[in-house]
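Quick note: numbers below take in every heavy atom, side chains included, and nothing from hydrogens, waters or symmetry partners. Proteins get letters first, then strands, A, B, ... in listed order; numbering begins at 1 in each. These figures come from a predicted structure and were not determined experimentally.
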Amino acid sequence: MRARSLPLNLRSATTVGFAFALVGCTAELSSDSGAPNGPGVPGAPTGSGGSVGLPGSSGGSGGTAVVPPPAYEPPTGALRRLTRSQFATALEDVFGVVVDRTLLDSDNYSGDFAAIGAASVVTSELGAERYLSAVEAAVDAVFTNEVDRAELLGCEPAAADDDCMRGFLATVGRRAWRRELETEEVDQLIGVAQTANTELGSVIEGARWATVAVFSSMHFLYRAELGESAGSAGLRIGGYEMASRLAFLLYSSLPDEALLDDAASGELDTSAGVRAAAERMLSESAGRRSVGAFAEDYMRLDRVMMQAKDASLFPEYGPVLQSAMVRDMREVWEIIAFDDDASALDLFSTRKVVANADLARVYGLDATGLSTDTFQELALPDDGPRVGILGKLAFLSQFANQKEGSPTLRGKFMREALLCSPVEPPPGDVALELPEPPSDQPMTKRQRLENHRTALQCAVCHALTDPMGLPFETFDAIGRYRTTDHGLEIDTTGEFEGVFVADSRHLGEVMSTSPVVAECLVRKVYSYAVGHEERDVDETVVDALNASFTASGYRLKQLLLDIVTSEAFASVAPAVD
Amino acid sequence: MKPLTRRTALRGLLTTGTAVSIGLPLLEIMLNESGTALAQTNTPLPPLFVTWFFGNGTLPGLWKPAATGSGSAWQLSPQLMPLSAFKSQLTVISGLEGKLVVSGLEHPTGSAAATTAAPIDGVAVRAPSIDQIVADAIAGDAPFRSLEVGVTPATPGGPQDSLHTVSHNGPNSRNNPEFDPRAVFSRIFGGLEPVVDEDAEQAAKMATVRRSVLDSVLLDGARLQQRLGAADRRRVESHLDAIRAIENRLDAPESELSECAELVAPSIGPDVNSEAPPGVNSVMAELTTLALACDRTRVASFMFSLPAAHVYYRHLASNMNDDFHDTICHGDPGDPSSQPRVDTGVLYTMTCLAEFLTNLQSTAHGAGTLLDQALVYVTSDTAWGKVHDRTEWPVLLAGKAGGRLRGDEHHNFQSENLSRALLTVAQIMDPTVTQIGVDGGFTSAVLPGIVV
């Protein structure tokens with residue numbers, strides 16, 4: 001991570017000299033766990049054991065000497081497994097089924113994104129079984145429906161190896177594998193069709209099982225982005241590899257025929273061609289997923305579906321509400337980016353929600369006309385306490401246990417994910433005493449966490465997290481609004497980057513004007529899009545993206561277009577053996 | 001506890017919806033006269049291995065027995081009392097230190113220390129876990145190389161792989177536990193139902209068709225590998241190994257144990273409230289026992305709870321409705337001999353372990369029981385959870401490992417590396433293993449006086 005300026009309260013701690021002895025809890029340190037996983041990348045990340053970023057220390061690009069940033073170096077070409085979201089969306093697009101993502105092999109969250117861990121993850125035996133089951137079920141859904149089947153096949157094969165079958169396999173294969181199939185590959189799939197035809201006495205069964213083979217293949221499940229030689233320009237990603245890369249970023253799914261045709265005709269070998277394709281994709285409804293899928297990965301919406309809450313305290317909590325929370329978060333990101341074409345920072349101040357009846361009730365909105373299955377865009381009241389993505393249940397409930405919200409965990413997510421400023425883990429050998437206060441002497445959570453702010457060894461880190469998390473105490477363990485905690489009025493004040501905030505609404509408004517938040521968002525979208533953690537040698541690329549993002553008024557569509565047309569998106573280095 | 005007679009061995013074992021009419025899992029005619037080896041091949045009975053893992057540690061002052069020795073020389077400690085019916089089968093190892101534990105990352109590094117003998121690197125472990133090391137040696141021709149199940153999915157949700165499972169094939173290669181008993185049943189026992197002739201013919205055709213699909217997948221994989229660097233080739237190879245195993249299972253599963261084909265699926269679903277309910281433990285214990293008895297696998301990881309599990313044992317007492325990790329282990333005042341709510345949780349955990357050991361003990365196997373043939377490695381991701389003590393790590397071996405363990409022993413190895421327990425376990429299951437671990441977890445010194 002590159003250097004960050006310190007918050008004011010930490011500078012005062014350093015003049016005492018105490019914090020200097022505690023190497024942890026400064027903004028610059030990467031985790032102490034060494035080099036990241038994934039493809040070998042030239043240009044190792046900074047911060048691994050390096051600069052602590054205290055004022056006056058050397059290291060990072062925050063010093064006073066003017067050192068030109070290193071030139072960009074491409075990362076090693078990677079083999080990425082489709083994320084759960086991409087696998088499911090691809091099957092949903094082709095076969096019209098709904099795929100239960102939670103049954104699929106877990107994503108790897110190296111680099112805090114499934115999109116990055118995809119380059120490292122190894123499939124387990126159970127995972128392999130689950131992919132096969134999901135594919136069989138998806139193919140079955142179409143092949144047992146005459147209309148859908150006819151539409152998929154596009155013709156009626158009379159034999160397992162006739163032109164219709166060959167043409168079908170070549171077409172569906174090209175879409176699934178994101179490239180033209182070799183003759184011997186089509187022959188191989190024809191072999192599967194023939195076996196099925198022989199055993200089961202049906203050419204249609206032949207087509208079915210050959211389709212299963214196509215989508216069970218490593219060529220579907222894994223994305224090889226290895227580049228092709230471009231002479232002195234190194235390895236370039238173009239043609240079909242670029243189509244695949246664009247589609248999984250902007251559609252979270254397979255490329256469509258138009259994009260595959262672009263690839264075949266060489267359109268995607270130039271930045272201008274990529275821009276034209278990307279603009280088209282972002283104007284389509286599937287292009288909204290570019291932002292929705294990013295939000296899902298970034299805000300770890302997968303974790304929302306895995307949580308449990310105390311049923312007696314939160315009877316309204318369950319799979320219906322959990323799914324609604326996830327949809328609300330995803331769709332509001334998409335609305336801000338596409339329908340409103342607004343600044344991304346508006347995400348922190350927006351009143352928009354997408355709610356079904358269950359969610360509307362928790363938000364205190366009129367649920368008339370809504371049911372569990374119908375969702376509508378609604379608006380929270382302007383004078384209400386709840387704003388922005390941090391006012392949504394998918395954030396609030398995620399950083400909470402079964403009974404109470406956690407100001408520290410909420411604040412930690414904000415600092416790490418939204419301000420790009422890692423927080424060291426707590427020292428594990430501290431004997432923490434947080435006894436439940438006696439029922440006749442209740443305390444608010446803020447009061448119970450007082451030690452975190454007064455004991456200096458705790459305050460060093462908690463000063464970075466709690467002031468941002470405490471304003472959200474007005475939202476409970478699932479995100480319902482409340483004004484009291486254990487019967488006592490909640491103190492909603494806090495601080496964001498040195499600015500006093502009266503409550504979480506004020507906090508959202510301050511964040512919606514913060515260039516620090518905008519800059520961090522650029523870095524996060526970039527690393528997600530290129531599928532690797534940010535390195536020293538990415539600095540020039542990120543700086544350019546930042547300038548363009550700012551100039552555009554923080555438009556996410558612009559950021560995505562800039563990323564996909566950048567040199568970084570089209571360059572890889574050779575694999576090591 | 002003496003093994004029950006053949007007819008009653010497993011009847012009544014399964015009280016949670018899986019009806020059983022099974023007798024001796026290994027028919028006597030297949031064994032040699034002393035019941036120690038398969039008659040036709042004279043190969044010894046396969047040994048069996050289970051990692052039985054629980055999160056959040058113990059109260060070392062109540063876990064560690066006072067005296068060392070064997071037989072009457074030592075007594076069970078308070079937290080081991082739920083295992084009193086199995087004292088003769090227990091080898092308690094105390095005093096070990098988790099030297100790989102890193103401050104701030106105690107739970108992921110502790111989990112990795114106790115199961116892989118290696119540090120972690122970012123989110124990844126750096127070595128395969130003990131169950132996979134053992135599987136290399138003993139998985140043999142069992143249809144499943146290993147089985148991973150869990151009772152409660154409660155987790156802090158952090159990114160490290162070692163928080164989400166204790167079974168790893170290597171870096172970035174998790175074997176995640178299955179938490180839904182119905183899914184475990186259908187995976188392990190599905191397809192074993194006896195089929196009438198017409199169905200058998202159809203089943204054979206489907207197997208042929210699926211085999212041709214998988215062969216196509218294998219060919220694709222090999223072609224892809226040609227373009228890749230070494231590391232990515234290995235990742236694809238792991239996936240192709242899985243495809244091969246799946247394909248092998250397509251061959252008509254003629255279980256010699258027809259009783260294993262008459263099992264009824266459980267109706268209990270997973271723990272959706274993060275409570276580790278007794279019903280889920282019971283059915284998972286039974287399913288694991290059956291998987292071993294029916295030779296579906298010889299290696300299992302039973303994750304009662306995950307590292308740092310945020311489990312709510314609200315069914316144990318009205319004062320237990322709190323986050324066991326954050327609120328109870330870390331927040332409750334006390335010392336390594338006294339945190340009453342922690343004690344309640346640990347005692348419940350040991351009661352759940354006792355149920356599994358009962359199942360193994362109740363299942364005849366060769367001349368003895370499954371428990372006689374098994375090594376159950378019981379451990380956790382920390383010692384005293386409140387301050388993440390890395391000394392007095394809980395390590396318990398249950399079972400006689402086919403005669404390689406005597407049982408009824410407590411050994412103390414004060415301040416020795418926890419990895420030495422893993423090496424000892426590995427060597428019991430595979431005498432050719434002489435070293436284990438990485439960097440600070442590396443050892444080539446087995447713990448003395450344990451292996452027969």
For the student: nearest non-hydrogen atoms of Asn273(B) and Gln402(A), plus distance = O-NE2, 3.0 Å
Find out whether Tyr222(A) and Asp232(B) are in side-chain contact, i.e. whether some heavy atom of one side chain is under 4.5 Å from a heavy atom of the other.
-> no
Can Gln188(A) and Leu219(B) be said to form a side chain to side chain contact (heavy atoms under 4.5 Å, CB included), step by step?
-> CA-CA 9 Å; Gln188(A) 180 184 301; Leu219(B) 285 173; 3.5 Å; yes
Taking all non-hydrogen atoms of both residues, which atom of Val122(A) and which atom of Ser173(B) are closest, and how far apart?
-> CG1-OG, 3.5 Å
Met306(A), Gln307(A), Glu185(A), Arg81(A): which one forms the most heavy-atom pairs within less than 4.5 Å of chain B?
-> Glu185(A)
Is the shortest distance from a Lys or Arg side-chain nitrogen in Asp323(B) or Lys403(A) to a carboxylate oxygen in the other one below 4.0 Å?
-> no
Which one, Gly111(A), Ser216(A), Gly191(A), leads in non-hydrogen pairs under 4.5 Å with chain B?
-> Ser216(A)
Chain A: which of Ser216(B), Ala242(B), Gly229(B) shares the most heavy-atom pairs with it under 4.5 Å?
-> Ser216(B)
Heavy-atom contact with chain A under 4.5 Å, split by part of Gln202(B) = side chain
Answer key: most heavy-atom pairs under 4.5 Å with chain A among Asp180(B), Thr109(B), Leu218(B), Asn321(B) is Asn321(B)
Validation row: Met206(B), Trp209(A) side chains within 4.5 angstrom (heavy atoms) | yes
Among the options Val209(B), Asp241(B), Val272(B), Asn176(B), pick out the one with the most heavy-atom pairs lying under 4.5 Å from chain A.
-> Val209(B)
Would you give the length of the straight line joining atom CG of Leu79(A) to atom CD of Gln225(B), rounded to the nearest 0.5 angstrom?
-> 10.0 Å
Are any of the side-chain nitrogens in Glu178(B) or Arg130(A) under 4.0 Å away from the carboxylate oxygens of its partner?
-> yes
Heavy-atom check, side chain of Arg235(B) versus side chain of Thr123(A), under 4.5 Å = no
Can you say whether Arg234(B) sits under 4.5 Å from chain A via the side chain, the backbone, both, or neither, judging by heavy atoms?
-> neither
CG of Asp322(B) to CG of Asp310(A), rounded to nearest 0.5 Å, is 9.5 Å
So what's closer than 4.5 Å to chain B heavy atoms on Leu221(A): side chain, backbone, both or neither?
-> side chain
Are Met218(A) and Ile243(B) close enough that some pair of their side-chain heavy atoms sits under 4.5 Å apart?
-> yes
Using non-hydrogen atoms and a 4.5 Å limit, figure out which bit of Leu224(B) sits close to chain A: side chain, backbone, both or neither.
-> both
Below 4.5 Å from any heavy atom of chain B, which atoms of Leu409(A) appear? Answer side chain, backbone, both or neither.
-> neither
Minimum side-chain heavy-atom gap Arg210(B)-Glu136(A) below 4.5 Å = yes
Where is the tightest heavy-atom contact between Asn175(B) and Ser124(A), given as atom of each residue plus distance?
-> OD1-CB, 3.7 Å
When the 4.5 angstrom heavy-atom criterion is applied to Ala575(A) and chain B, the contacting part is side chain
Which portion of Pro119(B) sits near chain A, non-hydrogen atoms under 4.5 angstrom | neither
For chain A, which of Asp220(B), Thr155(B), Val217(B), Val213(B) has the most heavy-atom pairs under 4.5 Å?
-> Asp220(B)
Taking all non-hydrogen atoms of both residues, which atom of Asn172(B) and which atom of Ser120(A) are closest, and how far apart?
-> CB-O, 3.2 Å
Atom CD of Glu125(A) and atom OG of Ser146(B): how far apart are they, to the nearest 0.5 Å?
-> 7.0 Å
If we only count heavy atoms from C-beta on, is the Asp161(B) to Asn108(A) side-chain gap below 4.5 Å?
-> yes
If you round to the nearest 0.5 Å, how far is CZ of Arg187(B) from OG of Ser133(A)?
-> 10.0 Å
For the candidates Ala311(A), Ser217(A), Ala196(A), which exhibits the highest count of non-hydrogen atom pairs separated by less than 4.5 Å from chain B?
-> Ser217(A)
Gap between atom CG of Asp215(B) and atom OG1 of Thr195(A) - 0.5 Å precision = 9.0 Å
Between Tyr312(B) and Asn401(A), is a side chain to side chain contact (heavy atoms under 4.5 Å, CB included) present by the stated rule, with each step listed?
-> CA-CA 10 Å; Tyr312(B) 284 68; Asn401(A) 66 17; 3.3 Å; yes
Check whether Leu226(A) gets within reach of chain B through its side chain, its backbone, both or neither, counting any heavy atom under 4.5 Å.
-> side chain
Worked verdict on Glu182(A) versus Arg223(B) for salt bridge (charged side-chain N to carboxylate O under 4.0 Å, His left out) = CA-CA 11 Å; Glu182(A) 310 277 336; Arg223(B) 214 175 278 118; over 6 Å; no
Chain B heavy atoms under 4.5 Å from Asp107(A): which part of the residue, side chain, backbone, both or neither?
-> backbone
Using the salt bridge (charged side-chain N to carboxylate O under 4.0 Å, His left out) rule, take Glu129(A) and Arg249(B) through it: C-alpha gap first, then chi angles, then the decisive distance, then the call.
-> CA-CA 11 Å; Glu129(A) 290 173 34; Arg249(B) 289 198 286 273; 2.7 Å; yes
Pick from Arg314(B), Arg390(B), Arg145(B), His310(B): which one has the most heavy-atom pairs with chain A under 4.5 Å?
-> Arg314(B)
Chain B contacts, top residue of Val214(A), Asp105(A), Thr198(A), Leu126(A) (heavy-atom pairs, under 4.5 Å) = Leu126(A)
Shortest non-hydrogen contact from Gly157(B) toward Arg303(A) | O-NH1, 3.0 Å
For atom CG of Asp389(B), decide whether the heavy atoms of other residues, nucleotides or ligands shown that lie under 6.0 angstrom number more than 12.
-> yes
Residue pair His164(B) / Tyr109(A), side-chain heavy-atom distance below 4.5 Å = no
Atom of Pro425(A), atom of Gly104(B) and distance for their closest heavy-atom approach | CB-O, 3.0 Å
